[in-house]
Protein chains: 2
Amino acid sequence: MDKYESLKLENQLCFPLYAAARSIMKEYNAPLGALDLTYTQYIVMLVLWEHERITSKQLCTLLYLDSGTLTPVLKALEKKGLLKKARSKEDERLLICTLTDAGRALKEKALAVPPAVGQCVNLSAEEARTLYKLLYKIL
Amino acid sequence: MDKYESLKLENQLCFPLYAAARSIMKEYNAPLGALDLTYTQYIVMLVLWEHERITSKQLCTLLYLDSGTLTPVLKALEKKGLLKKARSKEDERLLICTLTDAGRALKEKALAVPPAVGQCVNLSAEEARTLYKLLYKIL
DNA sequence: GATAATTAAATTGAGTACAATTAAATTGTA
DNA sequence: TACAATTTAATTGTACTCAATTTAATTATC
């Protein structure tokens, strides 16, 4: 038995997680290019399409991102006219992001994204469900 | 049935993959800090500890990274004295990375990393194995 | 009510990550 | 042998990602 067995790349769990995440994210490039969005911008829009109005803090929590990452992403989305930023009247510390009409309109185009990506992942529906559950167990 | 069901964050497979990968990578910060390595530098060292000598091209293939990512990482590891870079005599295009004595010595310290991280992932051995298989099916 | 502690964003700095391009070396082919 | 095509690294430019710090607003405590 090799003393260093635990240091072999093939025995790492984090590595395939990291590699698979990047691999699938790359599959989003083509469909998201049609919407002029990056992957990170896309998941912010997913949340906005569900909530219309949400604080930066809540976005951070939902997306497991910190303000250092989110601040420039929100800035870019505002520049594209997809959302508007405003301070809360009740608590001036809070930044509230609101979906604009242009942002809402983009939702229609986005319907093409999941089908385009789904075909690239060669897992059965059953396997995808299992993977999904295990990942949320980690989170 | 909601027309936009496929755009809900909870119905994405890539998102938990992306979030879980980053979440586990963060758990490496503390143990890797003791080795003065980043996660990316660590996985390069994992390969070097297995191979001693390897080309940049092979590293790219094994780690699913491209030269734009790897070049600065190899430069940093060389600066730390953990590896040496040299051009192949047979084919001057190839960059060969060789483990140094200091790099080899670091392997002992690295034995502490997997146990430190393993405790943070709350999956059973069985679940981890299932996850592992599904991830490699994607890759 | 003044002040300490906490909270939310923004900023800074280091390190990826990757598409696209460039430069140099090698290989294939007429 | 010339020369086109391919291959490998490095470079460039854009965009994350996060730790640590800063700033401003709010809450808790005296």
Side-chain angles (χ1 to χ4, degrees), chain A residues 14-15 17-30 32-33 35-45 54-80 83 85-97, chain B residues 14-15 17-30 32-33 35-45 54-80 83 85-97:
Chain A
C14 183
F15 172 68
L17 198 55
Y18 154 84
R22 286 184 299 115
S23 165
I24 296 194
M25 273 173 71
K26 270 195 235 178
E27 303 290 351
Y28 278 84
N29 282 352
L32 286 184
L35 311 194
D36 186 30
L37 290 179
T38 64
Y39 182 76
T40 313
Q41 292 166 6
Y42 174 65
I43 59 176
V44 169
M45 292 309 297
I54 193 166
T55 65
S56 174
K57 170 70 177 158
Q58 287 174 297
L59 273 169
C60 286
T61 304
L62 285 171
L63 301 177
Y64 301 87
L65 292 172
D66 85 345
S67 71
T69 303
L70 207 52
T71 296
V73 173
L74 295 179
K75 195 173 166 182
L77 291 173
E78 185 185 39
K79 196 176 170 190
K80 290 182 214 261
L83 61 81
K85 293 189 292 186
R87 289 291 168 173
S88 163
K89 283 284 190 336
E90 293 77 35
D91 186 340
E92 290 276 347
R93 289 171 307 180
L94 298 176
L95 183 70
I96 300 180
C97 299
Chain B
C14 183
F15 171 68
L17 199 55
Y18 153 83
R22 286 183 300 115
S23 165
I24 296 195
M25 274 173 71
K26 271 195 234 180
E27 303 290 351
Y28 278 86
N29 282 351
L32 287 184
L35 310 194
D36 186 31
L37 290 179
T38 63
Y39 182 76
T40 314
Q41 291 165 7
Y42 174 65
I43 60 176
V44 169
M45 292 308 296
I54 193 167
T55 65
S56 174
K57 169 72 177 156
Q58 288 174 298
L59 272 169
C60 286
T61 304
L62 285 171
L63 301 177
Y64 301 88
L65 292 172
D66 83 348
S67 71
T69 302
L70 207 52
T71 297
V73 173
L74 295 179
K75 195 173 164 181
L77 290 173
E78 185 186 39
K79 197 176 170 191
K80 290 183 215 261
L83 62 80
K85 293 188 294 184
R87 291 287 168 177
S88 163
K89 282 285 189 338
E90 293 77 36
D91 186 341
E92 290 277 347
R93 290 171 305 180
L94 299 176
L95 183 70
I96 301 180
C97 299

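- The listed nucleotides are dT8(D), dA10(D), dC18(D); the one nearest the side chain of Arg87(B) is dA10(D).
- Mapped onto DNA chain D by nearest heavy atom, Asp66(B) and Lys26(B) fall at different nucleotides, with Asp66(B) at the one closer to the 5' end.
- Of the two residues near DNA chain D, Ser67(A) and Ile43(A), the one whose nearest nucleotide lies more 5' is Ile43(A).
- As a whole-Å value, the separation of Gln41(A) CD from dA15(D) C1' is 8 Å.
- Considering only the side chain of Thr69(B), dC18(C) comes nearest among dT8(D), dC18(C), dC16(D).
- Atom CG in Leu37(A) sits about 12 Å away from atom P in dA15(D), given to the nearest Å.
- Among dA25(D), dA17(C), dA25(C), the nucleotide with an atom closest to any side-chain atom of Asp91(A) is dA25(D).
- Note: OH (Tyr28(B)) to P (dC18(D)) measures 16 Å, nearest angstrom.
- Donor-acceptor pairing under 3.5 Å, judged by distance alone, is absent between the side chain of Thr38(A) and the base of dA15(D).
- If you measure from atom CD1 of Ile54(B) to atom P of dA9(D), you get 11 Å, rounded to the nearest angstrom.
- Summarising the geometry, the separation between CZ on Arg22(A) and C1' on dC16(D) is reported as 13 Å, rounded to the nearest angstrom.
- For Asn29(B) and dA19(D), the shortest distance from a side-chain N or O to OP1 or OP2 is below 4.0 Å.
- Between Ser88(B) and Pro72(B), it is Pro72(B) whose nearest contact on DNA chain C lies nearer the 5' terminus.
- The backbone N or O of Ala19(B) lies less than 3.5 Å from no partner atom in the side chain of Ser23(B), so there is not a single donor-acceptor pair.
- The backbone N or O of Ile96(B) lies less than 3.5 Å from no partner atom in the side chain of Arg87(B), so there is not a single donor-acceptor pair.
- Closest heavy-atom contact between Val73(A) and Gln41(A): CG1-CG, 3.9 Å.
- If you check every strand for non-hydrogen atoms under 4.0 Å, Leu70(A) touches nothing.
- In terms of polar N and O atoms assigned as donor or acceptor, the side chain of Thr71(B) never comes within less than 3.5 Å of the base of dA9(D) in a complementary pairing.
- A donor-acceptor contact under 3.5 angstrom links the side-chain atoms of Arg93(B) to the base of dT7(D).
- Looking only at side-chain heavy atoms (C-beta outward), Val44(B) and Leu70(B) come within less than 4.5 Å of each other.
- Ring-plane geometry between Tyr39(B) and Tyr28(B) is classed as perpendicular, the angle between the planes exceeding 60 degrees on a 0 to 90 degree scale with a lower cut at 30.
- Residue contacts shown for Ser56(A) are limited to sugar-phosphate atoms, with no base heavy atom under 4.0 Å away.
- Separating the NZ atom of Lys89(A) from the P atom of dA8(C) is a distance of 20 Å, rounded to the nearest angstrom.
- Rounded to whole angstrom, the span from the OH atom of Tyr64(B) across to the P atom of dC18(C) amounts to 13 Å.
- Counting only heavy atoms from C-beta on, Glu92(A) has its side chain closest to dA25(D) among dA10(C), dA17(C), dA25(D).
- Between Gly68(A) and Tyr18(A), the residue anchored nearer the 5' end of DNA chain C, judged by the nucleotide with its closest heavy atom, is Gly68(A).
- Of the nucleotides present, dC18(C) is the one that pairs with dG13(D) by Watson-Crick or G-U wobble criteria, both distances under 3.5 Å.
- Residue contacts shown for Gln58(A) are absent, as no nucleic acid heavy atom lies under 4.0 Å away.
- Relative orientation of the Tyr64(B) and Phe15(A) rings is tilted, given thresholds of 30° and 60° on the angle between their planes.
- Going from atom CD of Glu90(A) over to atom P of dT27(D) covers 11 Å, rounded to whole Å.
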